[in-house]
Amino acid sequence: MTRLSDTALAGLPESVRRPSYDRATLRTGIVHLGLGAFHRAHQAVYTEHVLGADPAWGITGVSLRSPETRDALAPQDGLFTVAVRDGSGDRFEVIGAIRASLVAPEDPAAVLAAMTAPETRIVSLTVTEKGYCHRPATGELDETHPDIVHDLAHPEAPRSAVGFLVEALARRHAAGVPPFTVLSCDNLPSNGRTVRRVVTRFAALRGPDLGEFVEREVAFPSTMVDRIVPATTDADRALVEAALGVEDRWPVMGEPFSQWVIEDHFTAGRPDWGAAGATFVAEVEPFELMKLRLLNGSHSTLAYLGYLAGHETVADAMGAPGFGELLAGMMEEEVSPTLPVLPGFDLAAYRAELLQRFRNPALRHRTWQIAMDGSQKVPQRLLGTIRDRLAAGQSFDRLALGLAAWMVYATGEGEGGQAIDVRDPLASAIASATAGRRTADGLLEAYLGMAEVFGADLPASGPFRQAVRAALERVLSEGAAKVAASFATTSA
Ligand code: CS2
């Protein structure tokens with residue numbers, strides 16, 4: 001089978017959208033750290049659609065860990081397919097925006113050279129929550145993180161995104177090249193402010209002058225990013241191959257919905273992403289809070305309860321009794337009252353659309369995938385909302401169930417006693433803290449000792465303990481399926 005490549009583009013079926021500009025004219029204006037599926041189905045697509053107007057914004061993608069994306073994309077001239085799926089007919093687009101891909105551990109010098117080049121004016125990131133090497137409860141740099149310790153000792157060969165950003169900014173500063181704008185595209189509250197905090201702190205640890213320079217000169221706009229992009233499977237690859245008539249080893253699957261809200265603060269220029277559907281605003285936080293608490297909070301609740309109840313995918317869980325009602329009630333009654341009002345925004349329609357998106361029958365989004373890295377996700381997805389409910393003296397029974405389901409899930413032991421493959425930077429700490437303590441009180445005490453997740457305030461709150469203990473008791477004694485089913489308004 002012929003492989004997708006520049007020369008194969010002309011032979012693709014008419015229905016497949018492809019670059020409308022001459023790829024040979026592209027230059028790198030953006031270096032992107034974290035070349036995963038989400039970047040390729042989101043920011044790369046927005047960028048793709050403005051390259052015809054301005055070829056200066058091509059992307060050099062960087063994988064911070066494994067070579068597999070580069071190895072798959074290089075023989076395809078960097079091309080890959082985005083398949084947009086919702087059960088009503090699939091749409092395919094081949095994206096040409098990624099000019100080159102680099103693998104940081106193989107050649108950190110090449111990554112730094114790309115980031116230091118004067119034509120690079122934006123460095124964007126999708127490195128997941130844990131990639132910021134921060135303490136989730138406070139958002140401060142974790143100065144004991146092994147990658148941070150390493151990068152402070154070896155600034156010329158960093159491992160972490162933070163280390164790369166600071167070394168590249170330092171080199172630009174020394175060479176008199178204006179800094180790039182740092183654009184976080186991860187699901188963190190005030191992601192721009194979070195990355196600014198960790199980068200500025202790391203720079204200050206390297207030297208006070210560098211810290212001051214970063215503080216003074218570098219822009220860190222916040223963004224809200226949204227598109228559901230499950231991990232690609234072999235079945236997905238076969239689907240794309242059948243549609244294209246050529247082999248693409250590295251396609252991505254996404255839903256039709258896509259949203260990008262960006263704070264318009266770029267010191268060295270930016271692409272006209274607005275022409276591709278992005279929204280520029282002065283203040284992104286209300287959008288971010290809404291998306292993190294409604295979408296991601298529901299997603300995590302669904303993932304933990306759904307996984308424990310034996311559901312492989314989000315759509316499967318949504319089809320089981322009570323899950324839809326549980327989420328609808330949680331979003332409307334518990335989460336929405338904590339959100340800042342966005343004038344003119346129809347929050348009820350947004351919530352209804354979320355439930356619809358979770359039901360997308362064509363995306364096999366695994367509960368296990370969303371369940372990953374819970375210790376890094378739960379603080380902004382559930383605990384922030386719970387803090388606001390507590391402060392207002394309001395109940396949060398459904399949020400507590402989501403939290404309790406995570407606490408059970410992350411022990412690594414499922415409802416039938418079977419092992420769960422828990423992927424989380426705190427997995428082994430959680431497993432040892434919770435070993436032999438599978439009661440509501442035992443688990444509660446084990447988890448509330450983790451200040452990096454819960455802070456000092458929640459463990460000290462009587463109402464918090466009471467609500468989470470009650471939720472744990474329900475999940476442990478009834479099981480997740482029954483707990484969800486208790487919310488069903490119609491019998492199954
Ligand atoms: C998901 C997100 O894996 C997860 O944790 O909740 O990746 C989610 O699909 C995206 O944020 C949607 O924009």
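Order of listing sets the numbers, starting from 1, for every ligand and every atom in it. Every heavy atom of this structure was used, including side-chain atoms; hydrogens, water molecules and symmetry mates were not.
The distance from ligand 1 to the heavy atoms of Lys291 drops below 4.0 Å at these ligand atoms: 10 (C), 11 (O), 12 (C), 13 (O). Within ligand 1, counting atoms from 1 as listed, the ones closer than 4.0 Å to a heavy atom of His365 are 9 (O). Each of the atoms 12 (C), 13 (O) of ligand 1 lies under 4.0 Å from some heavy atom of Asp226. Annotation for ligand 1: atoms under 4.0 Å from non-hydrogen atoms of Lys377 are 3 (O), 4 (C), 5 (O). Residue contact check: His299 has heavy atoms under 4.0 Å from atoms 1 (C), 6 (O), 8 (C), 9 (O) of ligand 1.
By the 4.0 Å N-to-carboxylate-O rule, Glu312 lies close enough to Arg366 to be salt-bridged with it. With respect to Lys482 and Glu415, no salt bridge is recorded, no charged nitrogen being found less than 4.0 Å from a carboxylate O. A salt bridge between Arg249 and Asp71 is absent, with no side-chain N of the basic residue lying under 4.0 Å from a carboxylate O of the acidic one.
Between the side chain of Asn191 and the main chain of Thr223, a donor-acceptor pair closer than 3.5 Å is present. When atom types are taken as modelled, the side chain of Ser395 and the backbone of Asp397 share no donor-acceptor pair closer than 3.5 angstrom.
From the protein, the heavy atom lying nearest to atom 2 (C) of ligand 1 is Asn296 ND2, 3.6 Å.
Under 4.0 Å from ligand 1, the heavy atoms of Arg381 that appear belong solely to its side chain. Only side-chain heavy atoms of Asn187 come within less than 4.0 Å of ligand 1; its backbone N, CA, C and O stay farther off.
Within a 6.0 Å sphere centred on CZ of Arg389, heavy atoms belonging to other residues, nucleotides or ligands number more than 12.
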